[in-house]
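Throughout, a chain's letter reflects where its sequence line sits, starting with A, and its residues are numbered from 1. Computed from a predicted model, the values in this text were never measured in an experiment.
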There are 4 protein chains.
Amino acid sequence: MAMIGGGPGAFIGPVHRLAAELDREIELVAGVFSSDARRSKAAADVYLIDPERAYGSLDEMFTAEKARGDGIDFVSIVTPNHNHLLSAKAALAAGLPVICDKPVTASLSEARELAGVLADTGLTFCLTHTYTGYPLVREMKARIAAGELGEIRKVVVEYPQGWLSHPAEGKQAEWRVDPSRAGAGGCIGDIGTHAFSLAEFATGLKITRLLADLGAVVPGRKLDDDVSVLLRFENGARGVLLASQIELGELNGLRIRVYGDKAGIRWRQEYPNQLELLHGDGRQEIINAGTDVLGPWAASRSRTPGGHPEGYLEAFANIYRDFAALLRGDHAPLLPGIEDGLRGMAFIETAVSASAQKAGWVDLEV
Amino acid sequence: MAMIGGGPGAFIGPVHRLAAELDREIELVAGVFSSDARRSKAAADVYLIDPERAYGSLDEMFTAEKARGDGIDFVSIVTPNHNHLLSAKAALAAGLPVICDKPVTASLSEARELAGVLADTGLTFCLTHTYTGYPLVREMKARIAAGELGEIRKVVVEYPQGWLSHPAEGKQAEWRVDPSRAGAGGCIGDIGTHAFSLAEFATGLKITRLLADLGAVVPGRKLDDDVSVLLRFENGARGVLLASQIELGELNGLRIRVYGDKAGIRWRQEYPNQLELLHGDGRQEIINAGTDVLGPWAASRSRTPGGHPEGYLEAFANIYRDFAALLRGDHAPLLPGIEDGLRGMAFIETAVSASAQKAGWVDLEV
Amino acid sequence: MAMIGGGPGAFIGPVHRLAAELDREIELVAGVFSSDARRSKAAADVYLIDPERAYGSLDEMFTAEKARGDGIDFVSIVTPNHNHLLSAKAALAAGLPVICDKPVTASLSEARELAGVLADTGLTFCLTHTYTGYPLVREMKARIAAGELGEIRKVVVEYPQGWLSHPAEGKQAEWRVDPSRAGAGGCIGDIGTHAFSLAEFATGLKITRLLADLGAVVPGRKLDDDVSVLLRFENGARGVLLASQIELGELNGLRIRVYGDKAGIRWRQEYPNQLELLHGDGRQEIINAGTDVLGPWAASRSRTPGGHPEGYLEAFANIYRDFAALLRGDHAPLLPGIEDGLRGMAFIETAVSASAQKAGWVDLEV
Amino acid sequence: MAMIGGGPGAFIGPVHRLAAELDREIELVAGVFSSDARRSKAAADVYLIDPERAYGSLDEMFTAEKARGDGIDFVSIVTPNHNHLLSAKAALAAGLPVICDKPVTASLSEARELAGVLADTGLTFCLTHTYTGYPLVREMKARIAAGELGEIRKVVVEYPQGWLSHPAEGKQAEWRVDPSRAGAGGCIGDIGTHAFSLAEFATGLKITRLLADLGAVVPGRKLDDDVSVLLRFENGARGVLLASQIELGELNGLRIRVYGDKAGIRWRQEYPNQLELLHGDGRQEIINAGTDVLGPWAASRSRTPGGHPEGYLEAFANIYRDFAALLRGDHAPLLPGIEDGLRGMAFIETAVSASAQKAGWVDLEV
């Protein structure tokens, strides 16, 4: 695997590397870690790879790797959003499958362009919606699909963070609040799409209408940092999606609760190893990760027995494990792909535009 | 104290009695527990009061009690909403202060009528927004008022319940889903007002604009049973209010979180003896009820030391204790009154109407 | 009801009053709140009772009350331990039933003397092991009795507190660390007996052997403030009882966990409205107070529906409600009595003596 | 790195591999995964290593690896306990450092023999007490060392599990309950040593005396499966260590609480990303992993920011990261070594023997 992006100071680059390599099916061997060749070389030290394979440009990399007998098999894209399309197209043009951080591109039209290229090339593409990799999220999906909750009526998905409560400082914060690098959405693109994707993934239902209220709370901020969206799902279920990066003191509080006419279910990312099934009679049933009670989707993506907590990196690694399976030709039915990317971008653009225009309820069209 | 309503099968009547009498300053001695005289007498047994003082009509009660040397000093109204105004006016006409369950009346115009009568009579009136009686809610209010959170930016108040997930059965459920007895609002009147009141109480800020999305999820239901409202506060802070009675498996999950530019704070009714103060550096500080760290508002309304949990009845009793203090001429600055009732009714009617008309953002005018 | 003890500054007196009166079957009307007549009168104000019925001595009270038509029906004893026997004997001699704070007396020989008097008079006696009054403790007992856990193998009961971490200050602390008022046991008498009683109550099994390790950690302290006891139950089950008053920062953390060969169960006093049933397959089932899933023992002693937390006072009130039932001639099978008092005193004395003598395992004989 | 043990069906082998490789400083390239050469080869597939380097005996491996230019640098031992000494001695004889699963050997005398060999060879040795690798355990150690708790008075360490509640089935269970492979201790060796090590690691205090009560609860079991040990630390602090494998429904509930004369602290392995600091005034301060509030020991061994949970594998990887640092000549002051192994074995043997002889309090001598 080669990485595009993830140079010095990056958060998500090292996370992708750890996640990709966790199950030892994948190895990071090359990269364009920065568009500055010197910085790209510097990253080679951090990642412990051969400095010769830390390139200063995409062209250079694809050319050099193609020439090697042991060249790269696929590309992982972890740049800021505005470079996703360019990077992905270059990789696909080189005949390489792509795994890409979310959101898929900086705009829906870019996402459509990418979808077109993918359709033409027939190459594999995966979008790393990390949170869908948690075993108990998959268990939740399995139980909902099996009808344990009955007909779904209500979904509440919340994603509180507080780390952008003040004017941005540091590399992580800066590009996220800059429209030229993050795209039209701030918080909604950075974490709102995770919440959106989680809601559709867990329920197996598509969101068809929404009413969005985005705000830029921190003085001087150009992009949204606080998001409230009311939802309707294809089956008529009602929903609420909340995401914020100015809820001071919150860390990474993604959580979801889904209610049907037979039962309810709750999951929280910060305590990912327990899933709560709510029965109408006053009983809450806690399902523990790594135990005998799990179905195959969760069981096959756990690495430790019950009570030995797994976390964010293991969830991320499940995305890569599924991607590797797909490259091998195996079945990986839970892996998010370009379709999810298109839906996520449509969500961002529809919400941003509807909020700016105070448009009320609008259709979500991909 | 006399009670109006709270006859056989009632939930809230016995709760009011327990709460009123907990601190022994108040005693239930009379009542019109039902408009059916026989049922009213039957209630006397349950409440262990003199059956002679269980009356079949308001007139009968006020006449008889006035004639006694030890007649009632005030009235507690616990009927379904549509009887609040009538009952309150009768009590006030008899020269008696009133403590009344929420929402204050069945409509805003009724609430205004009641406010007029109160202005004319100068009598004391209290609205039992129970949850404002919890010591740690008062501590939250105190800390926000003292500036510990800085400028308030965001409020999320949620009130999930699941007990009306199916077509209503039983006395408790029936009147709540019947517009002729509950008024225009279902869930929004029953529990949405609690959430509204809690948000304004805790922050000390008034809600000035809202966007409401109410739904009737259970087939055949005439009133709303699922509520999402986006909020703006007078200082510009953003907010979200969610209330539902069809989130199957949820019990009485009222909770609030408030974020300023210095810190955040969280409280949950189901675990009422802990308040969480969120610091931006990764520390959450848990404040325990009954301990030395509390300010006077919380400390003066606790009955047990730290680790000896207090609950719903004690919170309710604090409302009555404040009411008794007010009757004695003492200061009770935290007690909800007619102003809160007017605001609550305006909230219900504005939200119901705005949702029905898909009006988008509207002003909340009292 | 008359109270003996509970004068100015007392913690447990007001708690008994609240608990006794909560269900309105009992009213505090008289008392010897202090052996100092003036202080006893002063208490009348606090308790809002007729000052004429606040007496300066037991004799005075029993004589005066006997002479009234509306004299007291029973006595509640809330003095420090060394006055329990004297007070109880006086009440019984006056023909009155007794409800008494724990531990029952200051010594096992006193407890035996009291048991003799009770046998002679045939009067009702109750020991207020408050924690056995929690609805979910009773649910736990019911489920264990019904065999849901299978054969009991292991019991861990812990009671961490931290409030005596420093040399005692204040009325509450002083008598508890003074052997002349508290008896031979400090922490073991004050809270260790609660843990002992809870373990026997919940499991329905008697403790037959123990190995005790008591320490006085705070410099200069004369009585134990930190207690570890290993246990054996009559069926051979193994157990551990830990109690401490020097675990700084702990509030009132009584908790119990019981394991059989079919399932386990856990309960914590600080979160008393949830009971956890542990299944061997990775599921934990949370049973919520006030819901439909409870058996009759728990359901009949709840006052609020699920999600409306009940607390310490309500648990305490259940003891009084059972006592009132017994006085009326009803069945109250879960009420702790003199037998529990004898066992508790035997536990204290056996543990204190075995620890002092480093006796290893000893039999617990009553 | 080469692995000894960890063949088909093993739990801990794959965990060691994941942990060792997580930070990419170490790679598993060889092993004697089983003493059966065919099974050892089979493991090569699972571990994705060159089958030529999956050997059938220690001799074969050390000879072959020595002959390679890219031969192994150290050995990881993950066999059942009775093979630790033999494996370690062979590796040390081949001049290779060793990292070894706990307990260090099957007996204290074996551990002393190993200590002697280590002293002679001067090679590096590490014992994988996994739980000391959690960042917040290291934060706890740092805060205790800095005096935040004051003088330590009390330590309670508990390790409840339930998975051996029934007669053993499966490879994992069988050797643990067989004295010929596990050594003299069952539960006390398997998890009691973890609890022992955690208590000494966190407090920085040595345990000097103990009183042990070990039981074999499951019918027919030859080794202990339920352990209670009373402790004294070198400074006089009192302690309790509980470990059990028959607490049905418990998963991997290792937890520790430490109390000083200034504050208390609590940590639980199943929720490893939060550390609770208890203040005497009613405040509990929760310290979140990955946040700014951590000291260098914790911060330098975290891989994700606050709210992105890390788990068991990451803790384990910290042990390997420290080991790698030590091999590079860096400082790794928190790494458990042979001294901890000796103390752990002394703990097991002293406790087993004292319990069997009902010896009461005994000294813990290494």
| Who in residues 294-311 of chain B is close to chain D, using a strict under-4.5 Å heavy-atom cut-off? |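 None at all.
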| said: Let's go through D:Asn288 and D:Asn273 carefully: what are the C-alpha distance in whole Å and the side-chain angles of both, what is the deciding distance for side-chain contact (heavy atoms from CB on, under 4.5 Å) to 0.1 Å, and is it a yes or a no? | reply: CA-CA 6 Å; D:Asn288 282 284; D:Asn273 295 296; 5.9 Å; no
| said: Please give me the minimum heavy-atom distance between D:Ala332 and D:Leu326, naming the atom from each residue. | reply: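 Reported closest heavy-atom pair: CB-CD1, 3.9 Å.
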| Could you walk me through whether D:Asn252 and D:Gln161 pass the side chain to side chain donor-acceptor pair (under 3.5 Å) check? | CA-CA 5 Å; D:Asn252 195 42; D:Gln161 288 185 339; 2.8 Å; yes
| query | Any donor and acceptor pair, going by atom type alone, linking the side chain of B:Arg138 with main-chain N or O of B:Thr132 inside 3.5 Å? | reply |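 Side chain of B:Arg138 to backbone of B:Thr132: a pair is present.
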| Plane angle bin for B:Tyr134 and B:Trp267 - parallel if under 30°, tilted between 30 and 60°, otherwise perpendicular |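 Rings of B:Trp267 and B:Tyr134: tilted, as their planes differ by 30° to 60°.
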| message | One pair to check against salt bridge (Lys or Arg N to Asp or Glu O under 4.0 Å): B:Arg283 and D:Glu285. What are the steps and the verdict? | response | CA-CA 7 Å; B:Arg283 286 178 306 124; D:Glu285 200 179 314; 3.7 Å; yes
| message | Please classify the contact between D:Glu276 and chain B as side chain, backbone, both or neither, with a heavy-atom cut-off of under 4.5 Å. | response |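 Neither part, no heavy atoms under 4.5 Å.
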